[in-house]
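Just below is one structure, and these are the notes that go with it.
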Amino acid sequence: MLNLNLIREKSDYVIERLKIKNFDASELVAGILKLDETRRRIQGETNSKEAEMNALSKSIGILFKEGKQDEANEAREKTSRIKDDIKELNLKLDEVSAKLQNSLVLLPNIPCELVPAGTSEKDNKLIRSGGKIPELGAAAQPHWELAEKYRLIDFELGNKITGAGFPVYRGKGAKLQRALINFFLEENQKAGYEEILPPLVVNEDSGFGTGQLPDKEGMMYHVSSDNLYLIPTAEVPVTNLYRDIILDESEFPIMNTAYTPCFRREAGSYGKDVRGLNRLHQFDKVEIVQIQHPDKSYETLDEMVKHVESLLIKLELPYRIIALCGGDISFASALTYDFEVFSAAQKRWLEVSSVSNFESFQANRMKLRYKSQENKGTILAHTLNGSSLALPRIVAALLENNQTGDGITIPEAIRQYTGFSRID
RNA sequence: GGAGAGGUGGCCGAGCGGUCUAAGGCGCACGCCUGGAAAGCGUGUAUACUACGUGGAGUGGUAUCGAGGGUUCGAAUCCCUCUCUCUCCGCCA
């Protein structure tokens, strides 16, 4: 949610910048400005009526105390009209405020200057790439065949237990998952992130805080009997740890990492793009989250990108880093870098991480603020997050890229976590 | 699942219809005191919206005592609904 002050003071700038996201905000902004003005006017009227009422009530109390019954009763008669007015004004105020809020929530975050213009993923900008794409023979198999051949993942069994998109990992396949999770968590910890093990279901307020609600409720599984949502990413519970909090400036940066399963409904997707591990309803992911001072958030974003990159280098996977263009960047993000690894048998780039700076967009929804030394009052903090990393596609690339025909070689970096160096 | 108790400022805790403009304490900040510190003394110490104002000063209004509704001229205080926490019992990894 954008700050109302910004819209008020720089409405042209807001409209102009949102064009980068291919979003025509002119009507919405005009509506917001009008609602804002109306709200302020009504609130002013309400407040002065309430002030009048408060003064009158107080004087009635004093009159009663002094035993001036008649005067008190006289004053009492005057109140009913004011009371009605207040009631009416408050109804209007609630209505206008709700409309204003509903409109504000529809505005996407303003992209920062580094976001390339564009309408779709073909306009994304390659930042850099690394690693070597392996030369596999014609006999190279995609990961879903390898997973079956070496009895690592059973997709059919998952269908029976739950449904499509819920694979069953077993044996070395299961252990590889656990090893990767440990590897990522340990690396994150070394980089200064505190580990969090959060709840996997969240309430509505949390869903709203990070922007999944009210708009994208279709992405989350809903536990209707308790009105809770299964988390689509650890970003939700971890960022919401700081909902409704006023930090001290000295607490920056807050660095958290969390492993969680992630649940995504992703309704309507099918076809070969979603085969195997490419897209799942339940998957494992290690996330990193930072809360940072507004002046330092872009510096922090770069650090996070370097950190995620270092993981891919250690896993010896061919990767590329991409700056998402205006048409591809998410609603809430101001700048996003995607990480993709090359899955050599499918011959496809697979997204394995998305690192974003949300600036104050989430903070405004969550009321995450800090007190600064020099300024009076509170200022919205900046939030950032990224995957480090999402497991399934990493596993897909690891299996495909490291296949030898009679087995799969485990990269050096995670052997201490797997306890084996080869799958065969 | 059953029974009971309770949600008050950063924290503890009083208040149970009208100077609540929320006591008192702790913590914190600043000042005095001191060679320095502690103690002591003094001052200050929420958030949001809003009006006026300024050199980034400040002053005023309104709202907020878990949330929402109600009663009343007036609600932290009375009533209703919801919610969360705690204790005991039951069940349970």
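We name chains A, B, ... by the order of the sequence lines, and we start the count at 1 in each one. Worth saying up front: this structure is predicted, and the values here are computed from it rather than measured.
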B:G61 and B:U71, which share atom name C1', separated by this distance in whole Å: 27 Å
Rounded distance in Å between the P positions of B:A67 and B:A76: 12 Å
Geometric class of the A:His307/A:Tyr193 ring pair [parallel <30°, tilted 30-60°, perpendicular >60°]: tilted
Pairs touching residues 166-180 of chain A that satisfy side chain to side chain donor-acceptor pair (under 3.5 Å), sequence neighbours left out: A:Gln177-A:Asp284
C1' gap between B:G13 and B:U72, integer Å: 29 Å
Set of side chain to side chain donor-acceptor pair (under 3.5 Å) partners for A:Asn401, sequence neighbours left out: none
Residue pairs fulfilling side chain to side chain donor-acceptor pair (under 3.5 Å) with at least one residue in residues 25-41 of chain A, sequence neighbours excluded: A:Arg8-A:Asp36, A:Asp24-A:Ser26, A:Asp36-A:Arg39, A:Asp36-A:Arg40
Sugar-phosphate only, base, or nothing, as touched by A:Lys58 at under 4.0 Å among non-hydrogen atoms: base
Pairwise C1' distance, B:G10 and B:G68 [rounded to whole Å]: 27 Å
Sugar-phosphate only, base, or nothing, as touched by A:Leu56 at under 4.0 Å among non-hydrogen atoms: nothing
Touch class at under 4.0 angstrom, heavy-atom based, for A:Thr46 against every strand present: nothing
Duplex segments of RNA chain B, taken as runs of at least three Watson-Crick or G-U pairs that stay under 3.5 Å: B:1-7 with B:83-89, B:10-12 with B:24-26, B:27-32 with B:40-45, B:46-52 with B:58-64, B:66-70 with B:78-82
B:C89 and B:G15, which share atom name P, separated by this distance in whole Å: 30 Å
Which residues share a salt bridge (charged side-chain N to carboxylate O under 4.0 Å, His left out) with A:Glu251, sequence neighbours left out: none
Between A:Glu186 and A:Gln416, a side-chain donor and acceptor under 3.5 Å: no
Residues in side chain to side chain donor-acceptor pair (under 3.5 Å) contact with A:Lys49, at least two apart in sequence or another chain: A:Asp85
Sequence-distant partners of A:Glu95, side chain to side chain donor-acceptor pair (under 3.5 Å), two or more places apart: none
B:G18 and B:A75, which share atom name C1', separated by this distance in whole Å: 10 Å
Spacing of the P atoms in B:G40 and B:A57 (rounded, Å): 35 Å
Residues A:Arg393 and A:Ser343: side-chain donor-acceptor under 3.5 angstrom: no
Results of salt bridge (charged side-chain N to carboxylate O under 4.0 Å, His left out) for A:Lys160 - residues two or more places apart only: none
Between B:U45 and B:U59 - P atom distance, rounded Å: 10 Å
Chain A contact limits on RNA chain B, taken 5' to 3' with a cut-off of 4.0 angstrom to heavy atoms: B:G18 to B:G74
Sugar-phosphate, base or nothing in reach of A:Thr79, heavy atoms under 4.0 Å: sugar-phosphate
Given RNA chain B, 5'-ward residue of the pair A:Ile246 and A:Met53, judged by closest heavy atom: A:Ile246
Sugar-phosphate only, base, or nothing, as touched by A:Lys371 at under 4.0 Å among non-hydrogen atoms: sugar-phosphate
5' precedence on RNA chain B between A:Glu50 and A:Ala75 (nearest-nucleotide basis): A:Glu50
